[in-house]
Structure formats: C-alpha cells, structure tokens
There are 2 protein chains.
Amino acid sequence: MLAAERREHLLDLLARTGKIVAKDVAADLGISEDSVRRDLRDLAAEGLCQRVYGGALPASPAVVDYDARQTVAPDGKRQVASVAAALVQPGSSVILDGGTTALAVARALPKDLACTVITHSPTIATALIDHPRAELFLLGGRVFKHSAVTCGAAAVEAAQNVSAELCLLGVTGVHPEAGLTTGDADEAAMKRALAARAADTYILASCEKIGTASPYRVLPWEKITGLITDADPHDTVIGQLKTLGVEVLVAQ
Amino acid sequence: MLAAERREHLLDLLARTGKIVAKDVAADLGISEDSVRRDLRDLAAEGLCQRVYGGALPASPAVVDYDARQTVAPDGKRQVASVAAALVQPGSSVILDGGTTALAVARALPKDLACTVITHSPTIATALIDHPRAELFLLGGRVFKHSAVTCGAAAVEAAQNVSAELCLLGVTGVHPEAGLTTGDADEAAMKRALAARAADTYILASCEKIGTASPYRVLPWEKITGLITDADPHDTVIGQLKTLGVEVLVAQ
DNA sequence: CCTGTTCTTGCATGGTTCTGCATGTATCTT
DNA sequence: AAGATACATGCAGAACCATGCAAGAACAGG
C-alpha cells in the first residue's frame, strides 16, 4: 500500500465513521502504529484532522464547514446508509435509487470498493465519480426536478436493460396497510421498474417515514426483501411490519 | 511495447484500479522502474495523474471538486459561455456537452428561460435542476469518470432518440489541420453522435485550446456551424480557421 | 546505403524519504 | 499512586527517486 493511498484511506475512514483509532487501523492495514501516528500527525498539521489521544477526529467544524454541508445527513440517515452500504458485496451490482438517503448510501460506500452502481440520479452519479473502482451506469430519461432523478417512459425502458443483485430504494412513506408509497406517480413507476430488475430489494426508511403514507403506491410488501431503518425496533409500526413477514434491519 | 502504448496502459490501470505501484508495473511489463517513473513524471506534468512516493494516484479529485463547485470559471470560459448561452432561443432545444465550459454555459442560461436541455453530463443535469422552466433530458449510459459524462454504445444509442436545434460541444483541441479533437475515443464518438442530432453545432473553445490537438478526431470542419472562442480575433490560427470557412464568434 | 542526430532506455550513483524498532516520556485509567 | 497505554524521538535499514551517462533504436538527409 502506497503511503499517499494510506493517507487517503485515513481521510476516507474519518469522513465515513467520524473517528480513527490508530491501533485498529494499524491492525487492519497490517502496518505499524507508528506509521499511522505519523500520518495522523501530518494530516493534523495540514488541518485535515484533529489529533486526539488514541487516534484522530474530523478537523474542527470551521474547517470542514463546506464539506460538512454537503455531507450533512442527519444521524439517522447516516446509520441507515451505513447498514445499506454494508449490503453491497465487492464485485456485485447494485441499483441505487435517488433521494437524500440513497445519496448517503453512495457516500458511505468505501472509496476502494469494486462494484457496479446503476442509478437514475445524476446527483448520485456525480457523488460516485471519485470512487475509482466503482463502475457507474446512469439510466437516462426526462429529469424529474422535484427529486432530481430521471423518470418516465424512457427511463423505465432504460431500466429494462440492466439487472443487479441488489436494489436499494428510498420511499417517502412506510405504512403497514398503505405499503410503500411516494409522492409522484411517475416516480413510483420508476421505482417499481428498478425493483423488478434486482434479485433483492431493500427499502431505505429513516424513522420519520415510518407509519406515514404518500399518494402513490410503489410496491406491496411481498415484493421487497427487507426494510432498513433507524426506528426503535419495539415501535408498534415496526412490530406490525414484522408480523407481515418483512425482514427489518435496524440501524443503531 | 511502444512508449505511447505504455502510457495508455498506465492511465488505464489508474482508471481501473485507482493506483499505480511503479515497482509492480515495471515487473508486469518487464521494463525498468526508471521508465515507469519517467512516464509517471510526464503524466503528472500533464495533470493526468498525481505522483506519489512509490507510484501514482488519480489526479486529485479534490482539485476537480473544487473547480466544479466553485462557480469561478476563468474569465475566458465565462465569456465563451455567455455568448453560447445567448444562442439558446426561448422554447428551443439544445444539446449540451459535458466539461467545464459547457457547465459554465448551463450556469449562464437565464434562470427563467423556457427551453429543453439534453445532456449526457450528470453534473450539468444537476446544475440545471433549479432552472424551473427548463425541461431536462439526461442521456444514460456508462459513466466515463475522467470527464464525468456518459459514453459508449448505450449512450450513443440514447442520443439517436433525441434531436434539437442547437448543439454546443466542448473539445480539448482545435487545430486547422487536425480539426476538432479530444482525448478519448469513446468520448469522440459520443460527441459525433450528439452533433449529428442537431441542426446547428457550435464548438466551445476557450483560447487555451486553440492551435492544440488531442489524439482522437471528433468532427471535420464541414460538420460544424461555428466556433465560439475568447481568443484574439487576429490570432493566426483563428485567421486560418476563417479561411477554412469556419464561422468564428469571438467572445470579449 | 551510409552517416549524423535525436530520442529512448537501462544502469550506476548518490541523495532523499519512508518504515519499524527501541527508548524514554507523557497521558490515561483504576 | 501505579500500571497500562499512547506518544515523540532517534536510529538503521530499506525503498524510492533524480541525475548523468552510455548503448541502442529510429529517423532524416545526403
């Protein structure tokens, strides 16, 4: 592993997990703690991180301000994203929906993960440009401005030509009776088309979506593999979903 | 193995694996590490990679990010963009290429202009999300990371299904004899496909492109309507182009 | 076909940078 | 307060690098 690459890795880790433990990283990468410490010292000297006893933390808020605004996903979404990102196997293909939670998933993917990402969101495509080993496929079509994703006939048609192991879908409503719902008919159709092209479909649902419903039905429960959420596992709605046979992955 | 071929190999390797270890490549190709190092040094000098101890990494994404996000396009590009944006008639359709100059054009479009923008650049699509009256169509396909645009068979096929009054195309080289050129074969093909779908094609060429050539020919002079540039109108190369019958719009 | 020039390549050299270890010190935990 | 953990420093070996040089290939002109 190149020294510069190692430093990249550290920054990436810091951005994703919010902290670095020198000992752990050294063990992970199979290098001495001294090297890690030296790197951290250098990074701190450049203002890229804050050195603390035992490891490092992100640089002071003032410095990361700009990045932070971009990366700022509420904790819940970040946790959901992190669980979802872990589902993506090296070498596999994943269909990634648009939306802020899906964007958080894109950002939670390790920088050096070799996988194929298929998406209908230009925002997500842009976010993944700097993942050198990720193969990117963008589904074209009319851009639906409200959600910043492509939708409509052309986009659905484009989706017919891809397939993947995994589909990670965002929705705006998760309700025991109403099912999975969203605010636009075209968007709902697009989500259906995406889900149909993957072996497994997981729903990304940060806790504020649970128990709510939007006008347009996306999918019935039978069509999905599971739900990823940061909601309290003992929540009554979550309980109802489990009764319906939905696999619930809880992000804490 | 030819020197140029070797450099291609290095760039390819860099794009695929995200890093180059001089030692390994030298062993793989059966050449001395010195040659590899010399190549890497040259590539780095051209900004095509970032030289680090032990090998090389992709040209710093941080720099690209910075450029892309900061609205600060160099004055020249902004002037070119402003002239190009003025060519877009209300109610018309325009095919917009990727690249920094095209991005500047997108930003130069009046916020309330009602038009249809067709693009293969997710970056440009994202930039136009907040133009409420602009209809946006994104051409899908495999994302070519170096330029952040979709390229390849699927993208070219998608381009066959659109048409427009105007096409605004960026290139990396504008040369009287070599014609319009760019650095990637797939990208060149995509640009040709885009130009073929518009009644008029204008080339966006900030002054540093004038008189230079890249490996792959995009279009001959006959296929384009005009050139938009901020170069000195009395420049000898510009004079030669005019002699060739190219309409030159000079941005001041 | 020959000759001189230019470019490329591999090698040798000497300098620079990196890395892991050892040591003594600082900091944390109990 | 004492033990454990983390740290900075110095050091030596290793890896890496720029430079200069010479041999060879490619090329142009005669």
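Keep in mind that what you see is a predicted model, and the values were worked out from it rather than measured. Naming convention: chains lettered A, B, ... in sequence-line order (proteins, then strands); numbering from 1 in each chain.
Using a 4.0 Å heavy-atom criterion, one finds that A/Val52 contacts the sugar-phosphate atoms exclusively.
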Give every pair of a protein N or O atom and an N or O atom of nucleotides 6-15 of chain C that lie under 3.5 Å apart, one pair per line with the distance.
unit_1, atom_1, unit_2, atom_2, d
C/dT9, OP1, B/Arg6, NH1, 2.9
C/dT9, OP2, B/Arg6, NH2, 3.1
C/dG10, OP2, B/Ser32, OG, 3.0
C/dG10, OP2, B/Ser35, OG, 2.5
C/dG10, N7, B/Arg38, NH2, 2.7
C/dC11, N4, B/Asp34, OD2, 3.3

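A/Arg37 places its CZ atom 15 Å from the P atom of C/dT27, with the value rounded to the nearest Å. Here C/dT17 presents its P atom at 14 Å from CZ of B/Arg51, a figure rounded to the nearest Å.
Contact of the A/Glu165 side chain with the A/Gln89 side chain is not registered, since no non-hydrogen atoms from C-beta on lie closer than 4.5 Å. Between B/Tyr202 and B/Leu249, the closest side-chain pair of non-hydrogen atoms falls below 4.5 Å.
Side-chain N/O atoms of B/Thr172 and B/Lys209 include no donor and acceptor closer than 3.5 Å. One side chain, B/Thr100 or B/Lys77, offers a donor N or O that lies under 3.5 Å from an acceptor on the other. B/His146 and B/Asp184 form no side-chain donor-acceptor contact under 3.5 Å, judged by distance and modelled atom types alone.
Atom CZ of residue B/Arg51 and atom CG of residue B/Leu57 lie 10.0 Å apart, to the nearest 0.5 angstrom.
Ionic pairing of B/Arg192 and B/Glu187 is not present here: no N-O contact between side-chain nitrogen and carboxylate oxygen is shorter than 4.0 angstrom. For A/Glu135 and B/Arg142, the salt-bridge test passes: some basic side-chain N is under 4.0 Å from an acidic carboxylate O.
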For this session: Any chance you could lay out the side-chain hydrogen bond (donor to acceptor under 3.5 Å, both in side chains) test for A/Glu247 and A/Thr225, step after step, and finish with the verdict?
Result: CA-CA 7 Å; A/Glu247 174 194 348; A/Thr225 313; over 6 Å; no

Is there a side-chain contact (heavy atoms from CB on, under 4.5 Å) between A/Thr119 and A/Leu139 once you walk through the steps? CA-CA 6 Å; A/Thr119 183; A/Leu139 300 171; over 6 Å; no

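For the helix from C/dC1-D/dG30 to C/dT30-D/dA1, the angle separating the two terminal helix axes comes to 40°, with each axis derived from five pairs and the value rounded to 10°.
Contacts between chain B and DNA chain D, taken as any atom within less than 4.0 angstrom of a protein heavy atom, begin and end at D/dA15 to D/dT19.
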